[in-house]
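All values derive from a computational prediction rather than experimental measurement. Chain letters run A, B, ... following the sequence lines, proteins first and then strands; every chain starts at 1.
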There are 2 protein chains.
Amino acid sequence: MSDLVEFRNLKYLIAVAEEGNITRAAKRLYLAQPSLSTQMRGLEEALQVPLFIRDRNGVHATPAAEILITGGRELLKLRDGLIATARALHRVTFTPMRLGFSSFVDHALYEMVCSVHTSLFPECEITSRSGDNVELLLLLQKGEIDAALLALPISGSGFKTYPFTKSRLVVCMKSDDPLARLKEIAPAQLQAKLTIFQEPKQHPEAHLRLMEMLDEVGIRGDVASKTTTPHNIQWMVESGQGYALVREGSEMHVGLVTRPVTGVTWTVDSALILGKSTSQKTVPGLIRELRKRLRLQVSPSSASKPPRSVRPDIEDENLRLFA
Amino acid sequence: MSDLVEFRNLKYLIAVAEEGNITRAAKRLYLAQPSLSTQMRGLEEALQVPLFIRDRNGVHATPAAEILITGGRELLKLRDGLIATARALHRVTFTPMRLGFSSFVDHALYEMVCSVHTSLFPECEITSRSGDNVELLLLLQKGEIDAALLALPISGSGFKTYPFTKSRLVVCMKSDDPLARLKEIAPAQLQAKLTIFQEPKQHPEAHLRLMEMLDEVGIRGDVASKTTTPHNIQWMVESGQGYALVREGSEMHVGLVTRPVTGVTWTVDSALILGKSTSQKTVPGLIRELRKRLRLQVSPSSASKPPRSVRPDIEDENLRLFA
DNA sequence: CCTGTCCAATACTTCGTACCTATGGCAAAA
DNA sequence: TTTTGCCATAGGTACGAAGTATTGGACAGG
């Protein structure tokens with residue numbers, strides 16, 4: 001009978017009551033609203049107790065629900081404590097999570113991953129390691145890091161990769177540039193002016209692919225200036241050396257603007273790559289949670305998937321995810 | 001993180017620890033042993049804590065597991081209390097469960113259903129009502145009972161039926177009858193002596209079907225004596241009026257024995273039939289639990305399914321089910 | 001008045017996982 | 001040896017919790 005009520009149900013109930021609004025609660029729980037609605041109905045059904053009074057602007061807990069809520073909070077806390085002590089008793093010491101990330105991926109993404117990890121495993125340290133794709137892949141290979149956030153495509157196979165964000169690439173220019181008056185830039189207008197790139201050696205595959213994509217719209221990739229970090233790129237644009245491609249939504253120095261390029265949807269795809277044989281026990285839990293929050297799916301070790309062509313549809317939600 | 005541990009997991013853990021033996025615990029929980037095994041492994045995996053020391057004759061909880069077990073017991077108790085008070089606050093009063101059962105079904109089955117019901121809903125009374133199939137179907141039709149235990153087939157459609165036990169039919173005779181020396185009876189030997197039946201009017205469809213089955217093996221159904229209860233049947237056999245067919249495993253008067261009939265597998269199938277539109281809120285829970293315990297599946301309202309032909313394979317487990 | 005917004009509920013589909021059966025391995029008892 | 005009593009593994013199924021798409025009701029603003 002009471003087997004119909006699990007911790008999950010209590011958690012949902014509490015969230016809904018606290019928000020006073022199923023839609024908002026669903027967002028907080030990383031769920032879709034109808035899912036949560038049916039869960040709540042199901043709970044009322046199972047208990048044979050009405051839990052909410054629904055009205056135009058939300059829901060309001062009944063007295064019976066209040067009981068469940070306060071009791072439920074208590075139970076959830078007890079559960080966490082219980083697990084923590086059982087853990088402690090067996091001296092579950094986590095080796096630190098060794099996470100690499102390349103400058104090609106959004107920093108916000110990195111922070112999000114870290115925040116999810118520490119919220120799941122507060123006792124587990126994270127030791128970060130940044131570098132370019134080539135370096136990081138080597139470290140993964142050697143087992144010196146457990147996972148890394150990289151830009152696709154990656155060479156070498158046998159890596160488990162979890163692709164997630166696709167950021168659109170836009171042109172970065174000075175705000176007083178004549179082209180900055182336009183809302184969108186035609187590819188032809190970039191001819192000969194798109195000259196600033198990240199150092200190709202940092203990610204040969206991605207660079208090659210980028211050159212191909214430029215070629216497809218008739219632009220020659222003049223790698224006149226090379227640099228190593230997104231910041232440097234912006235400085236170089238500021239000093240008038242040409243245009244550069246940057247991730248849409250990245251934070252820009254003052255005096256710089258970004259403009260989309262008409263007719264193309266170039267994207268840079270980031271992914272979490274796992275070391276071949278990690279002993280890091282937090283990895284499965286991390287993946288699980290990330291999958292739930294970001295709706296991402298596995299793509300097991302095949303390194304194809306060209307970095308473009310998918311509708312970006314930047315939901316900006318992505319960046320709000322880490323609470 | 002701790003979201004990986006639900007009440008269910010604690011319950012299983014406790015059962016396993018208490019039995020010291022996964023197989024036995026699985027039986028107690030109405031689960032298959034491998035299911036429980038994988039659950040336990042999964043829990044150890046999720047917590048990153050070894051919970052059991054396995055050896056040749058069972059499992060033994062580690063200290064960490066002991067913590068979880070005592071804490072878990074507490075939590076389960078708290079949950080039950082919590083739900084009970086929430087319920088009480090909303091004055092959830094159950095209307096009594098009105099359950100009918102015909103004399104064609106095994107009494108043990110009836111008791112089992114009752115015991116499951118009261119263990120699920122201790123506050124809910126059961127008012128029983130016995131009668132023959134025809135009467136009970138009428139009562140279901142009129143909504144005067146919520147559910148009934150009947151023998152298939154049933155006429156009239158639109159009833160949700162949950163078939164469960166199939167009991168084999170055997171011949172009942174006096175122990176000093178010459179045929180009682182045989183281990184099995186050939187159909188031909190029954191000719192003209194199989195004369196005692198339940199009153200056909202109590203269940204016309206079943207009687208008809210029985211006559212058909214007898215016909216198939218060349219026996220004429222001579223309904224010489226008719227009676228209304230299984231007990232009466234036995235008395236009539238005792239007084240030497242002929243043979244009768246009874247459910248295998250039914251309790252027999254002293255001086256009577258049963259013998260299987262070679263070459264045929266006649267069975268009588270019992271089912272739980274639901275009223276067309278019951279307001280009885282305990283029904284879904286009851287069905288759910290019965291399905292879990294007996295592995296029975298729905299057969300939605302079609303009244304076909306002839307009462308024979310399926311391997312009986314009486315597991316006798318059936319009767320031990322109600323604890 | 002209509003239209004847009006903000007709720008929750010419904011209908012239907014998809015996917016994960018808890019469960020099943022069948023089988024294997026291993027140690028102790030027969 | 002074979003049998004017995006465990007647990008573990010492998011592979012398939014089915015139910016439920018999740019998703020998407022859509023509807024309906026109740027305001028509020030133009």
Is the shortest side-chain N/O distance from A:Arg288 to OP1 or OP2 of C:dT17 below 4.0 Å?
-> yes
Of all of residues 7-22 of chain A, which get a heavy atom below 4.0 angstrom from DNA chain C, listed by number?
-> A:Asn21, A:Ile22
In whole angstrom, give the distance that lies between atom CD of B:Gln33 and atom P of D:dT9.
-> 11 Å
Indicate whether the side chain of B:Ser115 and that of B:Glu111 have a donor and an acceptor atom separated by less than 3.5 Å.
-> no
Show your working on salt bridge (Lys or Arg N to Asp or Glu O under 4.0 Å) between B:Glu289 and B:Arg293 and close with a plain yes or no.
-> CA-CA 6 Å; B:Glu289 186 68 16; B:Arg293 296 207 191 177; 2.9 Å; yes
Between D:dC6, D:dC7, C:dC20, spot the one nearest the side chain of B:Arg24, thanks.
-> D:dC6
So does B:Lys27 pair up with B:Glu19, basic N to acidic O under 4.0 Å?
-> no
To the nearest Å, how far apart are A:Asn57 CG and C:dA8 P?
-> 9 Å
Can you tell me the distance, in whole Å, between the CZ atom of B:Arg291 and the P atom of C:dC20?
-> 13 Å
Looking at A:Asp146 and A:Lys281, does any basic side-chain N land under 4.0 Å from a carboxylate oxygen?
-> no
Rounded to the Å, how far apart are A:Phe52 CZ and C:dC7 P?
-> 16 Å
Side chain of A:Pro34 (C-beta onward), nearest among D:dC7, D:dA18, C:dA11 = C:dA11
Can you check the A:Leu31 CG to D:dA17 C1' distance for me, whole Å?
-> 9 Å
Distance test, side-chain N/O of B:Arg56 to OP1/OP2 of C:dA28, below 4.0 Å | yes
B:Phe7: ring pair (Phe, Tyr, Trp, His ring centres under 6.0 Å) partners, not counting sequence neighbours | A:Phe7
Is the number of heavy atoms from other residues, nucleotides or ligands within 6.0 Å of CD (B:Glu45) greater than 12?
-> no
Check the distance between C:dG25's C1' and B:Arg54's CZ and give it to me in whole angstrom.
-> 15 Å
Just how far, in rounded Å, is P of C:dG16 from CG of B:Leu4?
-> 16 Å
May I ask you to evaluate whether A:Ser35 reaches the phosphate of D:dA17, defined as a side-chain N or O under 4.0 Å from OP1 or OP2?
-> no
Identify, residue by residue, the members of residues 36-46 of chain A with a heavy atom below 4.0 Å from DNA chain C, and return them in order of residue number, or none.
-> A:Ser37, A:Arg41
Whole Å only: how far is the CG atom of B:Asp55 from the P atom of C:dA27?
-> 11 Å
Check the pair A:Arg87, A:Asp80 against salt bridge (Lys or Arg N to Asp or Glu O under 4.0 Å), reporting the backbone distance first and the verdict last.
-> CA-CA 10 Å; A:Arg87 266 263 187 57; A:Asp80 289 355; over 6 Å; no
Do B:Ile287 and B:Lys160 come close enough that some side-chain heavy atom pair is under 4.5 Å?
-> no
For A:Thr23 and C:dC7, is the shortest distance between a side-chain N/O and OP1 or OP2 below 4.0 Å?
-> no
Note, B:Leu4 side chain near A:Arg288 side chain (heavy atom, < 4.5 Å) = yes
